[in-house]
Amino acid sequence: MPLLSQDAEWDDMYKRLPEPPAGTARRAFAVLTSGGDSQGMNAAVRAIVRVALYNYCDAYAIYEGYVGLVNGGSFIKKMGWGDVSGILSQGGTVIGTARCAEFRDYPGRLKAALNLLERGINNLIVIGGDGSLTGADLFKREWPQYLKDLLQQKAISEELAQRLSYINIVGLVGSIDNDLCGTDNTIGADTALKRIVESIDSISSTAASHQRSFVLEVMGRNCGYLALMAAIASGADWTFIPEQPHGDDWRVAMCDELKRNRERGRRMSLVIMAEGARDRSGTPITAEQVKQAIDSTLHHDTRITVLGHVQRGGAPTVYDRVLGTVCGARAVQYLLHNAGQVRPVVMGVSGSKYITIPLMESIALTQSVPVAIKSKEFARAVELRGPGFVSDVCLLHQLNSADPTHRHVGTRPFKIAIACVGAPASGMNSAIRAAVLAAVDSLHTVIGYHDGFDGIAKGEFEELTWLSVSQLADKGGCVLGTNRSAPNIGQVATSLQKHAVDALILIGGFEAYTGALALVRARSANPALRIPILCLPATISNNVPGTEMSVGSDTALNAIVTCIDTIKQSATSSRARVFVIETHGGNCGYLPVTSALAAGAERAYTPEEGISLSTLVTDLQHFQRRFSEGANCAVIVRGEKASSTYTTPVIEAILGEESRQLFTCRSNVLGHLQQGFTPSPIDRISSVKFAVQCVTTIVSECNRALDATTNTVQVAGSEAAFMVGLKGVGITLTPLEELVEHSDFKLRVPKAQLWTEANLLLHVLGKYDYYNDAKTQAQ
Ligand SMILES: Nc1ncnc2c1ncn2[C@@H]1O[C@H](COP(=O)(O)OP(=O)(O)OP(=O)(O)O)[C@@H](O)[C@H]1O
Ligand SMILES: O=P(O)(O)OC[C@H]1O[C@](O)(CO)[C@@H](O)[C@@H]1O
């Protein structure tokens, strides 16, 4: 789930529009948040307000959702640039949200329309769930009728009715449930998942200490997304989701599964249930019923934890901040660049791509899910949630049913070796766990070499079993040990042959990729290397070709942004500070750019763009101006290799020296804090998906290339050597040799980078290029 994409069509839209001629009314945008709050709504509000102001439009916030729209008055506030400062890191929505009965009726909506007309607003951006968006759609459809009625009541003039003859609506889905069909993710779902996964980590240690069972209830009345993803991320024993109820014998099946896992050596059991869990006849299943079933059958000491609104609280994750920011910015751009009346749309995501989807189609699909569940069309309910949900349901089944006592199918069981290469990245352990679960189910065996290529060469390994990996999902770092050494080809080949290894998974970053390539290129002289070799991208730098996202980078981003939030907070007491914060990332600007966007930094210095004296002068002047008009904090995020001359201390000294006493400057080098402690849900889930893809590919390649005479796997040339990755909408496999032309081996980055939009957005949201007319200076 990468967050930034390159999209030339949208990038052009970030060019500032020309100022409207004097005397013409400015276009007016209003934003409201409605329904249940979700983390990341503030990021969207901030982006909407600022992108509108940047383009010479008026921006209004409507407080308390539709309640404010209906009541008008002080509920509708014209916003200036500073009104949305400092809100990015806050949970909830600073403009308030509500559920509004009055808006459900025509007279309430008529009042709402008058409130917008009086302010010249006919661009409305609604951030909420499917209910809020349904209301928005109805509001648009009824607009001509409101105009007629208001004209008749003489509440508005003919001129106004003609000028605002239509209203344009864009929806942003703010909901922790991730229940809107048509988008793969909604603003808030990732943060809620993080809260859940952190809670599971906490519960797991106490549960294992006492050998207890826990039933954990998470939110989701009709949508099992949170329960499903939490189960994949944490390795739960059993899961209940509304879309796919278990059979009538769920008590027996569940207890059998829990018992089997305990017999294999697991010290705890975890059942995750969505609050909307039901049986196949539609009768709700409660946490208490689940506990009773476990108590009475297995006599476990069973406890219930209902997470409730904890899931909707706290600071948003990087993903939700970036999702909110990009969708908010695009909502305004969409309306600015599509002249006249447009169909209501929703800003969403499909895989790593931001998409625009028709609002009502998406609502209709969403509302048909509970209908399908009610009419017991469970397969359809799962399908309606989208292809991602379908494959996640399959993935969970595959992981849960992993059983070393199953019968083997295929030619023969294979021995798969795993080694980790490069610096540790959070999620490496979760990848190891998933690879073992995927392999042992068909009786393949897995060994883990210690300390990368060195460990392979020395023959240091351990057998990895279902039990030995069962507690690895939440562990940061790398249990196998990892290092950066390049492979000694001869020793590696000898070792792999000695241990009769049939396939190799290399988990790591650029070193894993180049090491794998070296092994593949040495195949002709070393028969032991004629085995499938799969690279699973895992590095915080996210600089591996063949994937838009590498395991560990999301954890790192969240670690960086948490540090920046903390550092920025210190400016509230010390006042007027510019912070220069140095991140890891080698020659790749992904970490500095993405963290800058998510933390509300003014600037990111990347190795790709470098730093020049004129950059520093421009930024210095920009900060002097910002601080002279009352700003109290600005942040530059500097990638560690952005410049060998303008190092972090040098920049700190220059800006401090030239600040004209308007601010002081401090620097922080974040160092290894960035590797994070436990992996984020995104890193856990992507590591599982990548690992399962590796094993599936290995098994099919081994079966294909098994030499019947020697009973050894013998792949030819450079075949069966892949980088697993995420691109666009799905998991991909790219032949390693194909990646060569896309790789910059000197700088150790892919030749094409993906953050044009992030840089453009940083520029706009950092108020650069804003001061070229007198009117905006006042804002
Ligand atoms: N059919 C409708 N017609 C008019 N207004 C509606 C309609 N459905 C919902 N709304 C308005 O949107 C508000 C929020 O809707 P709802 O309570 O369904 O939350 P939601 O947007 O679906 O968010 P959540 O996912 O958090 O429940 C309602 O209180 C109401 O004001
Ligand atoms: O905050 P409230 O009104 O109790 O609503 C709780 C519901 O809202 C959500 O958090 C978001 O739709 C659901 O998951 C949950 O069922």
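The structure displayed is predicted, hence computed values, not measured ones. Values below: all heavy atoms of this structure, side chains included; hydrogens, waters and symmetry mates excluded.
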Review point. Does the salt bridge (Lys or Arg N to Asp or Glu O under 4.0 Å) test come out yes or no for D554 and R684, once each step is laid out?
Key: CA-CA 10 Å; D554 184 67; R684 294 186 202 196; over 6 Å; no
Review point. Which of parallel (below 30°), tilted (30 to 60°) and perpendicular (above 60°) describes F414 and H444?
Key: parallel
Practice item. Considering non-hydrogen atoms only, spot the tightest contact between G477 and P424 and give its length. Key: CA-CB, 4.2 Å
Review point. Going by atom types alone, do R312 and S175 pair a side-chain donor with an acceptor below 3.5 Å?
Key: no
Review point. Under the 3.5 angstrom rule, does the side chain of E640 hit a backbone N or O of G585 as a donor-acceptor pair?
Key: yes
Review point. Going by an N to O cut-off under 4.0 Å, is there a salt bridge joining R260 and E263?
Key: no
**Study point:** K259 atom NZ, neighbour heavy-atom count above 12 within 6.0 Å
**Key:** no
Study note, to complete from the structure: When every non-hydrogen atom of P537 is compared with those of V724, the smallest separation belongs to CD-O, 3.0 Å
Exercise for review: For the pair D392 and K689, find out whether any cationic side-chain nitrogen is under 4.0 Å from an anionic carboxylate oxygen.
Suggested key: yes
Review point. Are N558 and T317 close enough that a side-chain donor and a side-chain acceptor fall under 3.5 Å?
Key: no
**Study point:** Basic-acidic side-chain contact under 4.0 Å: R321, D565
**Key:** yes
Practice item. Please assess V271 against M254 for the test side chain to side chain contact (heavy atoms under 4.5 Å, CB included), listing each intermediate value before the final yes or no. Key: CA-CA 9 Å; V271 175; M254 175 184 72; 4.2 Å; yes
Check your understanding: Which pair of heavy atoms, one from C702 and one from A503, lies closest together, and at what distance?
Key -> SG-CB, 4.2 Å
Check your understanding: Does any N or O in the side chain of S470 come within less than 3.5 Å of the main-chain N or O of S468, such that one atom is a donor and the other an acceptor?
Key -> no
**Study point:** For A227 against M273, the heavy-atom pair lying closest together
**Key:** CB-C, 4.3 Å
Exercise for review: Report yes or no: does T239 contribute a side-chain atom to a donor-acceptor pair with the main-chain N or O of L228 at less than 3.5 Å?
Suggested key: no
Exercise for review: Examine distances only and state if a side-chain atom of Q311 and a backbone atom of G308 form a donor-acceptor pair shorter than 3.5 Å.
Suggested key: yes
Exercise for review: In sequence, state the C-alpha distance, the side-chain angles, and the governing distance for T539 and R748, and then conclude on side-chain hydrogen bond (donor to acceptor under 3.5 Å, both in side chains).
Suggested key: CA-CA 12 Å; T539 163; R748 308 169 78 76; over 6 Å; no
Check your understanding: Is any side-chain N of the basic residue among D454 and R484 closer than 4.0 Å to the acidic one's carboxylate O?
Key -> no
Practice item. Looking only at non-hydrogen atoms, find the nearest pair between S426 and V551 and report the distance. Key: O-CG1, 3.4 Å
Review point. For Y513 and S743, does a side-chain donor sit closer than 3.5 Å to a side-chain acceptor?
Key: yes
Check your understanding: Is the backbone N or O of G552 less than 3.5 Å from a side-chain atom of D683, with the two atoms forming a donor-acceptor pair by type?
Key -> yes
Check your understanding: Is the side chain of S202 donor-acceptor paired with the backbone N or O of E198 at a distance under 3.5 Å, no angle test?
Key -> yes
Check your understanding: Got a salt bridge between R266 and D237, using NZ or NE/NH1/NH2 to carboxylate O under 4.0 Å?
Key -> yes
Exercise for review: Say whether T206 and R212, considering side chains only, have a donor N or O and an acceptor N or O under 3.5 Å apart.
Suggested key: no
Check your understanding: With a 4.0 Å cut-off, would you call K727 and E548 a salt bridge?
Key -> no
Review point. Are the ring centres of F240 and H246 closer than 6.0 Å?
Key: yes
Check your understanding: Got a donor-acceptor contact below 3.5 angstrom from the S550 side chain to the A538 backbone?
Key -> no
Exercise for review: Would you mind reporting whether N429 and I432 have side-chain heavy atoms less than 4.5 Å apart?
Suggested key: yes
Point to revise | Q39 side chain to G313 backbone, donor-acceptor under 3.5 Å | key: yes
Practice item. Mark yes or no for whether E275, through its side chain, and G220, through its backbone, hold a donor-acceptor pair below 3.5 Å. Key: yes
Exercise for review: For side chain to side chain contact (heavy atoms under 4.5 Å, CB included), just list the numbers for W466 and V436, CA-CA rounded to whole Å, side-chain angles, deciding distance to a tenth of an Å, and then say yes or no.
Suggested key: CA-CA 7 Å; W466 185 94; V436 172; 5.5 Å; no
Point to revise | Heavy-atom closest pair, residues A43 and L88 | key: CB-CD1, 3.4 Å
Point to revise | Side chain D502, main chain K415, donor-acceptor under 3.5 Å | key: yes
